[in-house]
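This report concerns only the one structure given below.
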There are 2 protein chains.
Amino acid sequence: MKLEDIAEKAGVSRSTVSRVINGDRYVSEKTRHKVLEVIENEGFSPNPAARMLVTQRTDVIGVVLANRVEEVFSADSPYYFSNLIQGVSDTAHDHDFSMLLWLEHSRESVEQFYQRILKNRLMDGLVIAASVTRENLLLNSLLKSQTPFVLLGRPLQYEDQISYVSVDNVQAAQMAVQHLLAQGRRRIATITGNLDDADGIDRLEGYKRAIQNAGLTVDQALITEGRFTRDWGYLCARTLLQRGTPIDAVFAGNDAIAMGAIQAFTEVGLRVPDDIAIIGFDDLPIATQNAPHLTTIRQPILQKGARATILLIDLIEGRGQQPTQILLPTQLVIRQSS
Amino acid sequence: MKLEDIAEKAGVSRSTVSRVINGDRYVSEKTRHKVLEVIENEGFSPNPAARMLVTQRTDVIGVVLANRVEEVFSADSPYYFSNLIQGVSDTAHDHDFSMLLWLEHSRESVEQFYQRILKNRLMDGLVIAASVTRENLLLNSLLKSQTPFVLLGRPLQYEDQISYVSVDNVQAAQMAVQHLLAQGRRRIATITGNLDDADGIDRLEGYKRAIQNAGLTVDQALITEGRFTRDWGYLCARTLLQRGTPIDAVFAGNDAIAMGAIQAFTEVGLRVPDDIAIIGFDDLPIATQNAPHLTTIRQPILQKGARATILLIDLIEGRGQQPTQILLPTQLVIRQSS
DNA sequence: TTGAAAGCGCTAACAT
DNA sequence: ATGTTAGCGCTTTCAA
């Protein structure tokens with residue numbers, strides 16, 4: 001079934017059917033009705049390939065989850081990326097876009113992965129959720145080819161040339177540590193997330209600022225460099241314990257880290273929050289699924305995906321040409337662990 | 001940049017370039033080399049719209065996650081669907097397909113959702129991960145239009161006309177309950193998953209068979225109908241407690257249910273496994289993230305996605321026309337909760 | 001307000 | 001082994 005068949009059945013020309021489908025104003029009510037009726041009866045929808053070929057638009061966006069598979073969807077935080085995708089998906093479909101999902105294959109290099117994406121010409125633009133150190137190839141090619149894209153998270157390079165959506169990690173981390181300070185804690189440690197990632201870097205920066213603003217000095221013995229996983233949280237907490245430096249609170253780079261840390265502290269008989277307070281970041285479901293419920297910073301994950309997609313579609317449709325940066329608000333959620 | 005530009009630079013015709021790109025045998029080594037060199041230099045890849053238009057193939061598959069959003073990606077088990085998607089994605093890309101992801105929008109009806117998918121003509125076929133009661137519209141239309149598709153999970157209708165990949169839930173559930181029986185448990189209750197879903201139905205069936213095979217009688221007071229979520233597990237466990245019927249073990253429809261049940265039992269002072277044994281289904285990460293570690297049935301989630309995709313691509317490419325059903329093996333994983 | 005016709009970039013049948 | 005040519009099903013001038 002094609003346009004021409006509809007045209008014939010409706011007694012009009014191809015062009016008129018096309019006009020009806022595309023909402024052109026210059027069609028009489030009468031013919032419009034007739035044509036819509038035939039389309040409805042036949043359950044017709046236009047061939048997207050033919051349309052793409054002439055319009056040079058696909059109405060498809062790509063979503064790139066560029067962290068290594070195991071980190072993205074494995075043990076700890078599938079929730080985070082799942083919600084991101086849901087936010088993108090909802091918004092995309094609101095604007096009649098479909099969504100091509102790109103996941104790194106376990107048996108391929110990052111370079112191959114990016115090549116695969118770049119070679120695919122089925123997308124009008126990309127939403128990229130990835131730690132950005134590794135994707136110079138991707139970012140460079142995209143910038144060079146003028147392909148519209150929006151980053152989820154602050155890029156470490158070209159910050160002013162790139163549209164992105166994030167939260168104010170520095171400010172949020174400060175808020176977290178200030179909360180611990182307000183509880184009377186003074187020996188506040190931190191277990192960072194990945195420090196090749198703006199989220200990790202900025203949260204550490206916020207920690208330091210809060211400590212300094214309180215008139216304390218930043219003590220390297222209180223800082224452990226981890227990754228955004230539960231296992232790393234566990235390991236880094238043990239490292240802190242082994243160092244022997246007294247601590248009465250920990251600011252964790254995210255909730256997964258916090259859960260691992262709680263486990264480590266609990267195992268050696270420390271009580272949370274009595275002996276040691278813990279605060280996380282994200283407010284994932286795991287935050288409230290075990291005792292003690294986790295005090296944490298809530299960030300609007302779904303909205304991050306949604307706003308990024310709106311931004312991308314604006315870019316694709318030629319609205320708002322210059323790079324835009326959006327920081328979404330966060331919220332301190334006080335529970336039992338602090 | 002198009003085929004013709006490459007042709008010109010390589011000093012050959014459009015068709016020859018096309019032949020090289022599509023691996024046609026009838027090209028001399030010399031020209032093939034020349035053409036590939038130009039393609040490489042220019043970073044050319046062919047316009048998929050043009051190719052689709054003539055080949056009537058898109059090399060795109062769709063993945064439909066048709067449960068309500070909240071159930072798919074929310075609190076409990078994003079892990080399950082995430083891994084499914086990863087399995088599909090890996091396999092799709094092995095065969096040079098891209099993957100269009102379909103998530104139900106929070107503000108749309110199932111019917112609208114399915115219409116949206118059916119109207120999109122950008123896919124050669126579909127992998128459908130959904131409880132199947134609700135998608136008569138989808139299945140019917142797909143069957144009628146001869147669109148290739150593969151179901152993840154056994155369909156409740158048209159079972160012999162439909163290709164699907166699942167595990168042998170009946171047998172697996174029997175294995176689970178037999179394990180409890182072997183531990184000397186005799187008052188074995190079950191908290192089912194959704195009973196409008198083949199997984200839920202078949203696991204209940206397996207439970208009943210195991211009970212009967214052991215010479216016991218199925219007691220309705222030991223059966224609670226739940227859903228595949230932690231919350232339902234919690235609620236149904238409380239229901240069991242309120243009924244007052246003595247129980248010494250619970251077969252949960254999945255791990256999320258099991259976790260909720262453990263919480264409910266622990267809250268009233270029951271010890272797992274001393275007072276009550278629990279067994280789950282899936283073997284998600286949550287199974288080992290809290291004490292006691294959960295005894296459960298492991299199912300190969302990634303492989304489910306992978307096999308379904310292979311099946312789908314076979315269908316698309318005209319191999320193996322008749323509907324195929326695949327049941328993947330499961331495994332009893334004995335841990336602390338039993 | 002409508003129709004005729006050109007052309008988007010590719011593949012594949014046919015010719016050579 | 002390579003080139004020529006006719007579409008694939010749409011949108012979009014241009015003309016009427």
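Residue numbering restarts at 1 for every chain, and letters A, B, ... go by the order of the sequence lines.
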T55(B) (side chain) and dA12(C) (base): donor-acceptor pair under 3.5 Å: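 Side chain to base: no pair present.
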Within this structure, what is the [atom1]-to-[atom2] distance between [X] and [N], rounded to whole angstrom?
| X | N | atom1 | atom2 | answer |
| --- | --- | --- | --- | --- |
| I21(B) | dG9(C) | CD1 | C1' | 11 Å |
| L3(A) | dA5(C) | CG | C1' | 15 Å |
| I6(B) | dT11(C) | CD1 | C1' | 17 Å |
| D5(B) | dG9(C) | CG | P | 9 Å |
| E8(A) | dT2(C) | CD | P | 18 Å |

Gap separating the CG atom of L137(A) from the CG atom of L118(A), nearest 0.5 angstrom: 6.0 Å
Nearest-0.5 Å distance, CZ of residue R307(A) to CG of residue L312(A):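 Answer for the CZ-CG pair, R307(A) versus L312(A), is 13.5 Å.
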Derivation of the side chain to side chain contact (heavy atoms under 4.5 Å, CB included) call for N120(B) and L100(B): CA-CA 10 Å; N120(B) 179 294; L100(B) 223 44; 4.2 Å; yes
Identify the two heavy atoms, one from [X] and one from [Y], that lie closest to each other, and give their separation to 0.1 Å.
| X | Y | result |
| --- | --- | --- |
| S163(B) | P323(B) | OG-CA, 3.3 Å |
| I21(A) | L3(A) | CD1-CD2, 3.7 Å |
| L315(B) | F149(B) | CD2-O, 3.8 Å |
| Q157(A) | I162(A) | O-CD1, 3.9 Å |
| L84(B) | I301(B) | CD1-O, 3.5 Å |
| Y164(A) | V150(A) | CA-CG1, 4.1 Å |

Between K119(B) and Y114(B): side-chain donor-acceptor atoms closer than 3.5 Å: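 No.
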Distance-only side-chain donor-acceptor flag, S15(B) / S18(B), under 3.5 Å: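 There is no such pair between these side chains.
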S28(A) vs dT2(C): side-chain N/O to OP1/OP2 distance below 4.0 Å: yes
side-chain hydrogen bond (donor to acceptor under 3.5 Å, both in side chains) partner of H93(A), chosen from H105(B), R116(B), E104(B), R107(B): R116(B)
Global bending angle along the helix from dT1(C)-dA16(D) to dT16(C)-dA1(D), which compares the axes of five pairs at either end, to 10 degrees: 30°
Those residues that, when tested against E159(B), pass salt bridge (charged side-chain N to carboxylate O under 4.0 Å, His left out) (two or more places apart):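 Salt bridge (charged side-chain N to carboxylate O under 4.0 Å, His left out) list for E159(B), sorted by chain: R154(B).
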Side-chain touch V17(A)/V12(A), heavy atoms, less than 4.5 angstrom: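 SC-SC contact between V17(A) and V12(A) confirmed.
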Pairs: protein N or O with nucleotides 14-16 of chain C N or O, under 3.5 Å:
none

Touch class at under 4.0 angstrom, heavy-atom based, for S15(B) against every strand present: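 Counting heavy atoms under 4.0 Å across all strands, the contact made by S15(B) includes a base.
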Outermost nucleotides of DNA chain D that come under 4.0 Å of a non-hydrogen atom of chain A: dG9(D) to dT13(D)
Interface with DNA chain D, restricted to residues 41-54 of chain B and to heavy atoms under 4.0 Å: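 L53(B), V54(B) - these, ordered by number, are the residues of the stretch whose heavy atoms sit under 4.0 Å from the strand.
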Strand-adjacent residues in residues 29-40 of chain A, judged by heavy atoms under 4.0 Å from DNA chain D: none
Residue closer to the 5' end of DNA chain C, Y26(A) versus R14(A) (nearest nucleotide):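 Upstream on the strand: Y26(A).
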Candidate pair I316(A) and D59(A), rule side chain to side chain contact (heavy atoms under 4.5 Å, CB included), full reasoning: CA-CA 9 Å; I316(A) 290 172; D59(A) 286 6; over 6 Å; no
Verdict with reasoning, E317(B) to R57(B), per salt bridge (Lys or Arg N to Asp or Glu O under 4.0 Å): CA-CA 10 Å; E317(B) 301 190 334; R57(B) 279 265 314 257; 3.6 Å; yes
Residue mapping more 5' on DNA chain D - nearest nucleotide basis, R121(B) or S13(B):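 Its nearest nucleotide lies further toward 5', so the answer is S13(B).
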